[in-house]
Amino acid sequence: MPTSSFTSASSAVPCPVVESLDAILPEEPLLMMGAGPVPIPAAVAKANAIVINHLGGTMVKVIGQVKSMARYVFQTNSKWVLGVAGPGSAAMEMAISNLAWEGTRVLSIKNGFFSERMAEMGRRVGARVSTLDVADRAVASLEEIAEAIRRERPEIVTVVQGETSNTVWNYHLKEIAELAKAAGALVIVDAVCTLSTMPLEMDAWGIDAVITGGQKGLSSIPGVSLIAFSDAAWERVKGRTAPNAHWCLDASLAENFWHNAGYHYTAPVSGVLALHEALRLVCAETLEKRFARHLKCSLALQDGVAAMGLRLYTPEACRLNSVVGIEVPDGFSPADVCSHISRMHQVEISGSFGLPIVRVGQMGEQCREHNLFRTVHALGRTMVDLGVKVDLPAGVAALERGLSGAR
Ligand SMILES: *Cc1c(COP(=O)(O)O)cnc(C)c1O
């Protein structure tokens, strides 16, 4: 028989019966107040619904604007800004896999889960990675870092600006970069959660590669990320002899698309358009005002949580403002709190990789007064519902004092 019938061919793997998204998604979207992804502005959502030619003249113009806006957000004049189709971790792997290879000496300042990921990526490209293991809820002193640099003589130092997992802020990033630079090492900074929420000056602080994702501080969608290399870092990328084993993440190939209007792989056009809008909104607001908004909102949230009677996880000196860690009361797990607040109050917050905390994000659109009132109220009511003694009115009052500048 030369032809087979369509009906007999369709029986081997039967067509599944599935529900429509309308049936799966809640009627009212949950308020995304966890450690990312975060709510997106309407302009970002609108851009994300558009598909255009990834190589046409419109795209060339969009890419040019994305790069120039990204230079402002990274605070760099370096030409070498690129995007990547993938999560923040893809940008991280792009930094590591282009700058490190077999035998490269990498010193990884390890504050927690995400800074350890950079070390692991280094090991996987064959680098000789040493870690400076920092205690939970603390940062390494500059003396410890200087000593580790003397001991390990790294070609590359990796450090996270905000360790989202345990909500620690590496507040002396500038000094760390200075120490590394003085020892002739390149510095890679993970700014996935912090970029555009707090100062980071790539050029002025002498940083050689900065990475970020879309779905955190920038309030874009997940899946399209950004990286910037300094001239010195780019020279190292171009000077390597063995090509990067990660073809998709090869910065020299990515240069084709991000700088020469050519083809590398089909760019995630909708996500790039969304990122364009997210960056445009950052520029419209200005970094100064955006940092001030984030600081005010996060401190007001912290005041509200503390006034309610809950404990903040990280000491004030190294507390990350972009993601706030809150201790879970004895007898409860983070999952108890997260599932109750989601189910009963339609607010999503995060647990944290085995730590006894829940985390509330303060990134991008999360830092809006109405979102904070709803979140503090929902968190307080969750505690009341679970039988934990808290003073919810005191929490809301402290939040209001912080937001109205009466702190
Ligand atoms: C979220 C996060 C990452 C990972 O980003 P993905 O988009 O999940 O890959 C890396 N580093 C930090 C500091 C983060 O907050």
Exercise for review: Decide yes or no on salt bridge (charged side-chain N to carboxylate O under 4.0 Å, His left out) for Glu369 and Arg293, but give the supporting numbers first.
Suggested key: CA-CA 10 Å; Glu369 297 193 358; Arg293 170 164 66 88; over 6 Å; no

Check your understanding: Say you draw a straight line from CE of Met363 to SG of Cys297; how long is it, rounded to the nearest 0.5 Å?
Key -> 13.5 Å

Practice item. List for me each residue that meets ring pair (Phe, Tyr, Trp, His ring centres under 6.0 Å) alongside Tyr72, sequence neighbours excluded, and say none if there are none. Key: none

Practice item. Give a yes or no on this: more than 12 heavy atoms of other residues, nucleotides or ligands lie within 6.0 Å of atom CZ of Arg153. Key: no

Review point. Side chains of Ser219 and Glu365: donor-acceptor distance under 3.5 Å anywhere?
Key: no

Exercise for review: Classify the side-chain pair Asp133/Thr131 by whether it contains a donor and acceptor separated by less than 3.5 Å.
Suggested key: yes

Point to revise | Pairwise salt bridge (Lys or Arg N to Asp or Glu O under 4.0 Å) hits with a residue in residues 86-100, at least two apart | key: none

Exercise for review: Would you kindly say whether Asn111 and Glu116 are connected by a side-chain donor-acceptor distance under 3.5 Å?
Suggested key: no

Point to revise | Quiz item: cation-pi between Arg236 and Trp101, 6.0 Å / 45° | key: yes

Study note, to complete from the structure: Checking Gln302, His294, Lys296 against Ser298 for side chain to side chain donor-acceptor pair (under 3.5 Å), the one that qualifies is Gln302

Point to revise | Asp208/Lys181 under salt bridge (charged side-chain N to carboxylate O under 4.0 Å, His left out): CA gap, chis, key distance, verdict | key: CA-CA 9 Å; Asp208 295 289; Lys181 188 117 290 194; 3.2 Å; yes

Review point. With the threshold set at 4.0 Å, does a side-chain nitrogen-carboxylate oxygen contact exist between Glu316 and Arg319?
Key: no

Point to revise | Of Ile52, Asn48, Val51, the residue whose pairing with Leu273 passes side-chain contact (heavy atoms from CB on, under 4.5 Å) | key: Ile52

Practice item. Would you check, one step at a time, whether the test salt bridge (charged side-chain N to carboxylate O under 4.0 Å, His left out) holds for Arg374 with Glu28? Key: CA-CA 14 Å; Arg374 188 167 152 197; Glu28 188 195 332; 3.8 Å; yes

Check your understanding: When Tyr171 is tested against each of Ile176, Leu320, Val139 for side-chain contact (heavy atoms from CB on, under 4.5 Å), which residue passes?
Key -> Val139

Review point. Taking the six-membered ring of Phe114 as reference, does the NZ or CZ atom of Lys216 fall below 6.0 Å from its centre and within a 45° cone about the axis?
Key: yes

Point to revise | Centroid-centroid distance, His264 to Trp258, less than 6.0 Å | key: no

Check your understanding: Strictly under 6.0 Å, is that where the ring centroids of His172 and Trp205 end up?
Key -> no

Check your understanding: How about Thr314 and Thr167: does a side-chain donor come under 3.5 Å of a side-chain acceptor?
Key -> yes

Review point. Checking Glu155 side chain against Gly184 main chain: does a donor-acceptor pair fall under 3.5 Å?
Key: no

Review point. Quick one: do Glu255 and Lys67 make a salt bridge, cutoff under 4.0 Å?
Key: no

